[in-house]
2 protein chains.
Amino acid sequence: MSEHPNIQEAKRPERATADTVAKLAGVSRVAVSRAFNPHASLKKEKRDLILKIAKELGYTPDMAGRALVTRRSHLVGVIVPDVCSPWESQEIDALTTALQGEGFATLLFKTRTDQSMDERLLTYMKGFNLDSIIAFAENVSPDTLTHSLGRAVPIYVSYSEDGSLPNQPGSTSVFDRLIVDQKTGIDQAVALMQAYGCKDFAYLGGTTTSLANTERERAFKSIMKERGLPEPLVLQGDYTYETALASTLDLFKVGEGVDGIFSANDVGAFGVIDALRFQLGLRVPEDVKVVGFDDIAQSGWLSYNLTTVKIDLEDRVRALVRLILRRLKDPNAPAMTETLQTRLIVRGTVGS
Amino acid sequence: MSEHPNIQEAKRPERATADTVAKLAGVSRVAVSRAFNPHASLKKEKRDLILKIAKELGYTPDMAGRALVTRRSHLVGVIVPDVCSPWESQEIDALTTALQGEGFATLLFKTRTDQSMDERLLTYMKGFNLDSIIAFAENVSPDTLTHSLGRAVPIYVSYSEDGSLPNQPGSTSVFDRLIVDQKTGIDQAVALMQAYGCKDFAYLGGTTTSLANTERERAFKSIMKERGLPEPLVLQGDYTYETALASTLDLFKVGEGVDGIFSANDVGAFGVIDALRFQLGLRVPEDVKVVGFDDIAQSGWLSYNLTTVKIDLEDRVRALVRLILRRLKDPNAPAMTETLQTRLIVRGTVGS
DNA sequence: ATTTAAAATGAACACGTTTTCATTATTCGT
DNA sequence: ACGAATAATGAAAACGTGTTCATTTTAAAT
């Protein structure tokens, strides 16, 4: 009966290995490996026995050992400047859920606050043999990434068809891309603001090095021109509440007659709204109309009830995961591009 | 000169290995390994040469190979029900920063929304050979964790000295613990509410299975009793804005005369405030006083300007990392306990 | 019943590192 | 200048797995 030693008896229960299971099941170690790979050919009853004993022993294939030979770490790196930022935390959340479902785990890395990509961080990341990399800090140079990383497949998110980035003729690297068409949503926003009588527009930017901000600003200005509106005022920002608040205060200190503010992200819009309402004594939307970008969860909260341009997070994450899995299955596949739409969510910060 | 083949020439630049570097530097692979371990004994000039060539080649020690022999993955698992929750995202952010500084990476795992700990998730995690695990989903049974995980060292966060959890006499497992003394902060909160004339208190709970909530409710009730106040009304909650909003609406629908609400977390408090102000036409703090718990970034935003009990995040993360590193250095060290204090941050939702 | 194809199996090797261990080169004290 | 202590060095083994390959077993086809 008890031909094998009681596992619990050992003071430090040594991690069960494939050999342990094999010996107990009376099969070779290879069989154990096969039992955990659904596509391997193995007699059904033998697989069942192995799996049963494995569960009994609490055995799980060691990822490190597996990664060494398969050259797949099942690790996806996510680089963020700030996890707390609601949009990013929501995306990380969705991404983690989706990846976990596919058998991948999310590895988190933080850039410095100035978003300057640290050489040390990159070589550090390289050591983990990431299967793929998603960089939210979009100012990371694609060449830097490619050069500094191993087998990982970076995916680039750009914000316009003629995006200023990757796949340059000179570069041999090929990037899968996710293009977000922001113009449609922003146009709807401007149209609405215009319909409610906005005359004097301002654009509150995000971090200036961020690609999302650059392209958002470009789209906004282009729309203004198309609609025959004057060049908008541009406020300095960095996606944070505090800076947005301060910038708004500065703006109205010099007595500008701005009556419509478009913020590069929702959190910034919150700062704008709070500055207007609580420090400048102005009403939103009666005196000044405000529109944000992202549609994070907080935008639906009644205190802000923000009208904002939405990127569908579900769609976005689905597309990202699709790109990752495809690239993983065939590393030589040609570069692929997914496109995402944006649309305006109308709430209470523009009209009644 | 060019005795070695040009790396760039290869179509798929094979990942440089320790052997590659060794051959180029004219040393043994062992020397390369030693060059990357500061404590190993190696002639300075030789180490410099190796490091130079390594950088040139973009070589980084492979973590998988290293983990296999050192039995240290340099991976710390973080289990969360919801990354978007501000408090948790802030903690993840701080944790990632701190761990990254110590050479560890953060691996993210999500529990199901009902927080029921999935057996499959655990065995899945086990495969990664985590060095340590921090479980935010506090309802995970400690025995389950210990049994299902490998060398990882879980850390438990409890919320009272006589905490109802780990280190039971029967269990052989030893847990390092972080105790958060919430009573001090909550007492200050109640004192302030009382000073501003609160008579009729209510407690808005978090997820009922959460240890933080259980202990928070216990502390609140105990304080009420100590101060000779009547047993408070308890509102059902789950830490979300939406539920808090709905619960508050329900509360005042039956015409209760509650004039002081303490929420188990800040996000819940936001829901309470918005329900009062925008749906019930009541003023905060004039008609009803509200206090939250956590002191997340949003609590300082002017629209809410929430008075709340603060757990110092920096302290908390520092303590966690300290526990992890100590346990990693000496797996046999006796269980250790760190304690954290809480204190009230006074803003505008109680008095003027 | 016999041939043919397919499925199942295990031995040996490979993945990239760190860690003994025994050996050689260096420094130190007098 | 000499023995003793110390630092530096590389060969071989180990970590836990997946994959080839040649062999054996089973099933299918005539």
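The sequence lines fix the lettering, A, B, ..., with proteins before strands; numbering per chain opens at 1.
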Selection from [options] that lies nearest to any side-chain heavy atom of [X]:
| X | options | answer |
| --- | --- | --- |
| A:Tyr59 | D:dT17, D:dT9, C:dG16 | D:dT17 |
| A:Thr17 | D:dT17, C:dG16, C:dA12 | D:dT17 |
| A:Val69 | C:dC15, D:dA11, D:dT9 | C:dC15 |
| B:Ala18 | C:dG16, D:dT19, C:dT17 | C:dT17 |
| A:Val30 | C:dG10, C:dT17, D:dG18 | C:dG10 |

Ignoring backbone atoms, establish whether [X] has a side-chain N or O less than 4.0 Å from OP1 or OP2 of [N].
| X | N | answer |
| --- | --- | --- |
| A:Arg71 | C:dG16 | yes |
| A:Lys46 | C:dT9 | yes |
| A:Arg29 | C:dA11 | no |
| A:Ser33 | D:dT17 | no |
| A:Ser28 | C:dG10 | yes |
| B:Ser41 | D:dA8 | yes |

So, are A:Asp48 and A:Lys44 salt-bridged, with charged N and O less than 4.0 Å apart?
yes
Measure from CZ on B:Phe36 to P on C:dT18 and round the result to the nearest Å.
9 Å
How many Å lie between CZ on A:Arg34 and P on C:dG10, as a whole number?
8 Å
For DNA chain D, just give me the dot-bracket, please: Watson-Crick or G-U, both distances below 3.5 Å, ( ) intra-strand, [ ] crossing earlier pairs, | paired with another strand, . unpaired.
.||||||||||||||||||||||||||||.
